[in-house]
S.K.: 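The structure that follows is given in the form of structure tokens.
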Amino acid sequence: MKAQVALTVSESKRLIARAIAALPEVRQALAEGRILLKGGTTVSAVAEELCGRSLRLSGRISPRGAVSALRKGTGAHSLLLDRGIPRTVDDCLEDAVLAMDADDVCVTGANLIGSCGAAAMLAGAPLGGPPGRIFAGLMAQGCKIIIAAGLEKLGPGSIADAVRAAGRCASPSMGMSVGLMPIHGRLITEVEALELLSGARCTVIARGGIAGAEGSVVLALAGEPAAVGRGWGAALAVKGLGLSGDPDSLDECNGAAPGCSLHASCLYRGRRDSQ
């Protein structure tokens with residue numbers, strides 16, 4: 001049996017979040033260990049699935065370029081679930097990482113993914129900000145790292161080439177000038193999400209769209225009728241769902257910035273807001 005589903009970017013994020021929340025290692029860590037959730041729209045959706053809380057967003061790409069939030073908000077950007085109990089760890093992130101072990105899980109987003117599963121995150125702050133200080137430690141601790149990123153982030157070249165091309169010293173830049181930090185872990189896109197949730201085979205057959213469907217993906221499901229039915233149901237369940245994130249920290253994404261447009265004033269070198 002075959003079926004085709006279409007997902008907007010926001011719907012894809014919700015689907016990916018539901019698949020990650022259902023992973024056995026995530027369920028185990030939720031019950032018996034620790035899960036570190038690093039703020040981003042997709043990871044905020046994961047946080048909603050696991051504990052009903054949205055995350056504060058910081059860096060993002062808006063029509064002005066790579067920018068930070070207009071208002072910082074009061075919610076957690078990095079949230080630790082310790083046996084299911086949520087705790088904000090923005091002020092003690094390094095200590096939280098040091099307490100994690102091989103049975104614990106970190107869920108992060110990415111700004112670029114490659115065709116072979118590699119991924120990287122933008123860094124606008126010195127030394128990569130908090131992510132730059134913790135990701136090497138997470139890998140050294142042996143924690144399970146899950147990268148939640150939709151196919152909108154898929155780039156045509158290699159991650160290594162992109163890392164070499166980027167840099168915080170670029171001038172001029174639209175928004176802050178940024179570098180790229182490679183991150184290593186298990187990548188979950190819409191394809192993996194649908195396959196995990198359904199057991200059907202999933203293939204990308206179209207990308208893009210208009211009228212609110214910009215960045216969308218069309219996916220073909222194939223397999224036993226029950227599996228295809230589960231995939232159809234999983235896609236249908238996220239139709240119409242919007243972006244996740246603390247409302248105060250979404251201002252830039254919602255176009256609330258006064259005079260937010262691509263004027264010459266937006267071309268400036270490396271604003272050092274946290275990315």
Side-chain angles (χ1 to χ4, degrees), residues 13 16-17 19-47 49-51 53 55-60 75-114 116-150 153 159-160 162-163 166 168 178-189 192-193 274-275:
K13 292 173 187 286
I16 291 167
I20 289 173
L23 288 171
E25 58 266 40
V26 171
R27 304 311 301 178
Q28 179 180 345
L30 185 66
E32 303 173 5
R34 302 174 183 88
I35 301 175
L36 178 63
L37 302 167
K38 190 271 175 191
T41 52
T42 311
V43 182
S44 180
V46 177
E49 293 290 329
L50 294 177
C51 68
R53 289 178 56 174
L55 301 180
R56 174 174 55 83
L57 309 179
S58 182
R60 79 289 306 276
H77 180 65
S78 295
L79 190 70
L80 183 72
L81 303 182
D82 191 343
R83 291 170 177 80
I85 300 173
R87 177 166 62 94
T88 302
V89 291
D90 292 322
D91 295 331
C92 55
L93 195 53
E94 292 88 345
D95 291 338
V97 168
L98 286 172
M100 297 177 72
D101 60 32
D103 292 324
D104 296 329
V105 174
C106 173
V107 184
T108 181
N111 298 103
L112 183 68
I113 58 177
C116 295
M121 179 186 299
L122 289 177
L127 302 179
R133 296 196 296 271
I134 67 162
F135 274 106
L138 280 166
M139 289 182 284
Q141 293 290 99
C143 301
K144 299 177 178 68
I145 298 176
I146 298 173
I147 303 168
K153 308 289 180 66
I159 294 294
V163 170
R168 294 179 64 247
V178 292
L180 271 173
M181 302 184 300
I183 48 178
H184 303 279
R186 181 181 181 182
L187 177 63
I188 305 292
T189 71
E192 289 79 15
S274 174
Q275 175 74 2

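Note that these values count all heavy atoms, side chains included, but never hydrogens, waters or copies made by symmetry.
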S.K.: Would you check if the side chain of R60 reaches a backbone N or O of S58 as a donor-acceptor pair within less than 3.5 Å?
M.R.: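 Confirmed, R60 side chain pairs with S58 backbone.
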S.K.: Can you measure from NE2 (H184) to CG (L138) and round to the nearest 0.5 angstrom?
M.R.: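 Atom-to-atom, H184:NE2 and L138:CG are 12.5 Å apart.
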S.K.: Flag the pair T108 / I146 as yes when at least one side-chain heavy-atom distance between them is below 4.5 Å, and no otherwise.
M.R.: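 No. Closest side-chain heavy atoms not under 4.5 Å.
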S.K.: How about V105 and L36: do any of their side-chain heavy atoms sit closer than 4.5 Å?
M.R.: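 The answer is no; the side chains never approach within 4.5 Å.
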S.K.: Which heavy atom of I35 sits nearest a heavy atom of A29, and at what distance?
M.R.: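 Heavy atoms of I35 and A29 come nearest at CG1-CB, 3.6 Å.
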S.K.: Are the side chain of R34 and the backbone N or O of A99 linked by a donor-acceptor pair below 3.5 Å?
M.R.: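 Yes, because the side chain of R34 sits within donor-acceptor range (under 3.5 Å) of the backbone of A99.
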S.K.: Rounded to the nearest 0.5 Å, what separates atom OG in S44 from atom CG in L37?
M.R.: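 S44 OG to L37 CG: 9.0 Å, rounded to 0.5 Å.
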S.K.: Which distance, rounded to the nearest 0.5 Å, do you find between the CG of L81 and the CG of L50?
M.R.: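 Those atoms lie 6.0 Å apart.
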S.K.: Indicate the atoms forming the closest heavy-atom contact of E49 with A21, along with that distance.
M.R.: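 Reported closest heavy-atom pair: CB-CB, 3.8 Å.
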S.K.: So do R53 and L55 actually touch side chain to side chain, heavy atoms under 4.5 Å?
M.R.: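 Heavy-atom side-chain distance check fails, nothing below 4.5 Å.
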S.K.: Heavy atoms only: give me the nearest D90-S78 pair and the separation to one decimal.
M.R.: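 Reported closest heavy-atom pair: OD1-N, 2.7 Å.
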S.K.: Closer than 3.5 angstrom, by distance alone: can the side chain of Q141 be matched with the main-chain N or O of L98 as a donor-acceptor pair?
M.R.: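 Between the backbone of L98 and the side chain of Q141 there is a qualifying donor-acceptor contact (under 3.5 Å).
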S.K.: Please examine the side chains of E32 and D103, heavy atoms only from C-beta on, and report whether any two atoms are closer than 4.5 Å.
M.R.: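 D103 does not reach E32 side chain to side chain.
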S.K.: About how many Å separate CG of L23 and CG of L30, when rounded to the nearest 0.5 Å?
M.R.: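 CG of L23 is found 12.0 Å from CG of L30.
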S.K.: Using modelled atom types only, decide if a donor and an acceptor are shared between the side chain of K144 and the backbone of A102 within a distance under 3.5 Å.
M.R.: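 Looks like yes, one N/O pair under 3.5 Å.
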S.K.: To check you understand the geometry: which heavy-atom pair defines the closest contact between I20 and A148, and what is its length?
M.R.: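 Taking every non-hydrogen atom into account, CD1-CB, 3.4 Å.
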S.K.: At their closest point, which heavy atom of I147 faces which heavy atom of G185, and how far apart are they?
M.R.: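 Closest heavy-atom pair between I147 and G185: CD1-N, 3.6 Å.
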S.K.: Does some side-chain heavy atom of M121 sit less than 4.5 Å from a side-chain heavy atom of K38?
M.R.: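 They are in side-chain contact.
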S.K.: Can you see which heavy atom on P182 is nearest to which on V163, and at what distance?
M.R.: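 Scanning both residues completely, I find the closest heavy atoms to be CG-CG2, 3.9 Å.
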S.K.: Could you grab the distance from atom CG of D104 to atom CG of L80, nearest 0.5 Å is fine?
M.R.: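 Between D104 CG and L80 CG, I get 8.0 Å after rounding to 0.5 Å.
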S.K.: Is it the case that the side chain of R168 and the backbone of G124 share a donor-acceptor pair, with hydrogens and angles ignored and the cut-off at 3.5 Å?
M.R.: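 Confirmed, R168 side chain pairs with G124 backbone.
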S.K.: So, does K153 use its side chain to make a donor-acceptor pair with the main chain of A110 at under 3.5 Å?
M.R.: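 Flag set: sc K153 to bb A110 pair under 3.5 Å.
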S.K.: Say you draw a straight line from CG of D82 to CE of M100; how long is it, rounded to the nearest 0.5 Å?
M.R.: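 So the gap between those two atoms works out to 9.5 Å.
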S.K.: Can you check side chain to side chain contact (heavy atoms under 4.5 Å, CB included) on I134 and C106, steps first, answer last?
M.R.: CA-CA 11 Å; I134 67 162; C106 173; 5.7 Å; no
S.K.: May I ask you to test the V46-V26 pair for a side-chain heavy-atom distance under 4.5 Å?
M.R.: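 Contact flag for V46/V26 side chains = no.
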